[in-house]
Amino acid sequence: MPAAGPAAGPWAARAARRSPFWRLVAVEARKLVGTRSDKLVLAFSPIFLVGLMMLFTLPQSNLASAGKQIGPLLIVVQLGLLLVFSTVIKLVAGEWQYKSVQPTLLVQPSRMRYFLAQGTVLAGVWLLCSAFTFILFPLLIKTAATGLNHNYLLGMRPRWVLGVTLLATALVLLTALIVSLLVPNTGGALTVFFIVVPLLALARFSLPEVFGLIYPLEPAWHLAGLGTGWLATISSSLLWLVLLAIALFRLQRRDAG
């Protein structure tokens with residue numbers, strides 16, 4: 001008769017049990033501030049955001065309309081949150097580059113569950129960035145408008161301002177996520193996000209009817225009343241949704257070894 005194996009202890013039962021989703025979210029949140037450089041970048045990012053807000057609001061010379069007052073918000077969101085979203089890129093792309101995703105997938109093999117845990121953390125980042133921007137930007141633009149003897153018009157439509165802030169922040173974050181999923185290399189993803197995306201913004205300002213068709217923030221510009229029409233908004237939305245679908249498809253089949 002073969003000898004009986006050792007009795008399974010409590011550790012075996014814990015190993016066989018699927019990790020709770022909240023624990024996966026907590027792990028991904030710790031990864032966001034996992035290194036000293038990540039902590040420094042996140043600590044400096046509010047200062048950087050406030051500095052850009054002041055740069056794009058206080059020197060304004062024409063704030064006579066609601067469009068003129070909310071326009072700087074869209075620029076601030078794209079440029080001022082670059083540091084925050086660089087940590088997002090390091091979190092998503094860096095795990096595949098350095099194969100640090102392996103322990104996570106060993107604990108729970110479902111890649112979609114892993115992506116949803118990361119998405120929950122990113123949703124928290126989105127809400128925090130949106131709230132910070134929504135609170136501070138109106139104060140600065142009101143100060144600038146008062147200094148020019150212009151009426152502060154955004155205070156009459158706070159829900160509109162909040163909607164533009166939430167949408168613009170979400171689109172920038174979605175762009176960073178798509179880039180980091182399609183380019184699973186930290187340096188490459190950061191290069192694309194810091195160079196190609198701002199260049200696309202400059203191209204959109206030069207030829208909005210052409211580059212608005214592919215500009216990731218075009219729906220936010222449309223909501224702000226500064227877009228080029230429904231065609232560009234729909235085209236841009238479909239393009240980036242397709243890129244997200246391709247990124248998720250590649251995520252499911254990417255070699256983690």
Side-chain angles (χ1 to χ4, degrees), residues 45-85 122-176 197-240:
S45 57
I47 302 172
F48 181 70
L49 177 57
V50 171
L52 277 181
M53 279 190 191
M54 296 176 67
L55 178 64
F56 283 101
T57 56
L58 299 182
Q60 292 291 326
S61 59
N62 183 4
L63 296 173
S65 67
K68 293 290 186 181
Q69 292 184 13
I70 203 169
L73 171 66
L74 297 166
I75 302 173
V76 164
V77 167
Q78 172 147 355
L79 300 180
L81 297 175
L82 285 177
L83 292 183
V84 177
F85 294 155
L122 301 189
V125 173
W126 165 61
L127 290 175
L128 286 174
C129 292
S130 299
F132 186 85
T133 305
F134 176 69
I135 291 171
L136 189 58
F137 178 82
L139 296 176
L140 292 174
I141 205 69
K142 181 179 181 180
T143 301
T146 302
L148 295 171
N149 294 318
H150 292 163
N151 292 327
Y152 172 60
L153 303 173
L154 299 188
M156 303 175 185
R157 304 172 65 183
R159 288 184 292 181
W160 173 60
V161 177
L162 178 60
V164 172
T165 304
L166 289 171
L167 180 58
T169 308
L171 291 174
V172 179
L173 177 58
L174 184 63
T175 305
V197 174
L199 285 178
L200 185 58
L202 291 175
R204 192 265 179 200
F205 293 142
S206 302
L207 294 171
E209 294 80 6
V210 176
F211 290 98
L213 298 170
I214 59 175
Y215 182 51
L217 267 73
E218 190 63 30
W221 281 83
H222 183 87
L223 181 60
L226 303 172
T228 58
W230 280 105
L231 176 61
T233 300
I234 294 172
S235 172
S236 169
S237 301
L238 289 177
L239 172 64
W240 288 92

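Scanning all heavy atoms of the two residues, the minimum distance from A220 to V164 falls at O-CG1, 4.4 Å. Between Q60 and P72, the shortest heavy-atom distance links the atoms NE2-CG, 3.9 Å. Of all heavy-atom pairs between A66 and L153, the closest is N-CD1, 3.4 Å. Of all heavy-atom pairs between C129 and V84, the closest is SG-CG1, 3.8 Å. Residues F56 and L79 share a closest heavy-atom pair of CZ-CD1, 4.1 Å. The two atoms that bring W160 and L223 nearest to each other are NE1-O, 2.9 Å, heavy atoms only.
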Q: Might you work through the side chain to side chain contact (heavy atoms under 4.5 Å, CB included) test for H222 and W230, ending with a clear yes or no?
A: CA-CA 8 Å; H222 183 87; W230 280 105; 3.4 Å; yes
Q: Test L63 against Y152 for side chain to side chain contact (heavy atoms under 4.5 Å, CB included), laying out the working first.
A: CA-CA 8 Å; L63 296 173; Y152 172 60; over 6 Å; no
Q. After noting the C-alpha distance and the side-chain angles of F85 and L173, does the key distance pass the side chain to side chain contact (heavy atoms under 4.5 Å, CB included) rule?
A. CA-CA 7 Å; F85 294 155; L173 177 58; 3.6 Å; yes
Q | ring-ring contact (aromatic ring centres under 6.0 Å, His included) between W221 and F205, intermediate numbers included | A | CA-CA 11 Å; W221 281 83; F205 293 142; 5.5 Å; yes
Q. Would F48 and L81 satisfy side chain to side chain contact (heavy atoms under 4.5 Å, CB included), going step by step from the backbone distance to the final call?
A. CA-CA 8 Å; F48 181 70; L81 297 175; over 6 Å; no
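Under the 3.5 Å distance criterion, the side-chain polar atoms of Q78 are left unmatched by any main-chain donor or acceptor of L74. No donor-acceptor pair under 3.5 Å is formed between the side chain of W240 and the backbone N or O of T175. Judged purely by atom type and a 3.5 angstrom limit, T228 has no side-chain atom pairing as donor or acceptor with the backbone of E209.
Looking at heavy atoms from C-beta onward, S206 lies out of side-chain contact with L202 at the 4.5 angstrom threshold. A 4.5 Å side-chain heavy-atom check between T133 and M53 finds at least one atom pair inside the cut-off. For the pair L167 and P219, the minimum side-chain heavy-atom distance is below 4.5 Å. Side chains of F132 and V50 form a contact here, defined as non-hydrogen atoms less than 4.5 Å apart. Using a 4.5 Å heavy-atom threshold, the side chains of P216 and L200 count as touching.
Atom OG1 of residue T57 and atom CD of residue Q69 lie 11.5 Å apart, to the nearest 0.5 angstrom. Taking CG of L231 as the reference point, atom OG of S236 lies at 11.0 Å (rounded to 0.5 Å).
Just one residue in the list I141, T165, L154 forms a side-chain contact (heavy atoms from CB on, under 4.5 Å) with L73, and that residue is T165.
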